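Working notes, beginning with the structure itself.
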Amino acid sequence: MGILAFLILGLIAGAIAKAVLPGRQGGGWVITLVIGVVGAILGGWIGSLIFGGGLADFFDLRTWLLSILGAVIVLLIYGAIAGRRTRA
């Protein structure tokens with residue numbers, strides 16, 4: 001998968017993760033892109049540990065599910081860090 005496809009995958013996975021989680025998450029499309037790309041990397045790593053295969057092709061369902069799962073995890077961590085910072 002090329003870098004452009006990986007960025008598009010990250011942006012869409014980050015947007016889906018923000019839509020899935022309840023509440024209001026801060027950040028614009030750049031933060032969504034970063035969360036999605038980091039989430040895709042994390043999801044690919046988790047997938048390679050559990051299933052023996054990480055991110056495959058752009059149109060593979062496993063790639064999308066792992067990317068969205070990783071983005072949700074990263075968004076939860078980001079929300080915990082950003083929420084703690086705004087309350088202080």
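All of these numbers come straight from a predicted model, not from anything done at the bench.
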Please check if Ile77 and Trp45 belong to a single hydrophobic cluster, counting links between Ile, Leu, Val, Met, Phe, Trp and Tyr side chain heavy atoms closer than 4.5 Å. yes

Separation of Leu69 CG from Ile16 CD1 (nearest 0.5 Å): 12.5 Å

Could you tell me which non-hydrogen atom of Phe59 sits nearest to which non-hydrogen atom of Trp64, and how far apart they are? CA-NE1, 4.2 Å

When clusters are formed by joining ILVMFWY residues with side-chain heavy atoms under 4.5 Å apart, either directly or through shared neighbours, do Ile12 and Leu61 land in the same one? no

Listed by chain and number, what are the side-chain contact (heavy atoms from CB on, under 4.5 Å) partners of Leu21, not counting sequence neighbours? Gln25, Val72, Leu75, Leu76

What distance separates Ser67 OG from Leu11 CG, expressed to the nearest 0.5 Å? 12.0 Å

What's the separation between atom CD1 in Ile8 and atom CD1 in Ile3, rounded to the nearest 0.5 Å? 11.0 Å

Report yes if the side chains of Val38 and Tyr78 come closer than 4.5 Å at any heavy-atom pair, otherwise no. no

Return yes if some donor-acceptor pair links the side-chain N/O of Thr63 with the main-chain N/O of Asp57 below 3.5 Å, else return no. yes

Would Val20 end up clustered with Leu66 when hydrophobic side chains under 4.5 Å apart are linked, directly or stepwise? yes

With Ile35, which of Thr32, Leu33, Ile31 fulfils side-chain contact (heavy atoms from CB on, under 4.5 Å)? Ile31

How long is the gap from CG on Leu9 to CG on Leu4, to the nearest 0.5 Å? 11.5 Å

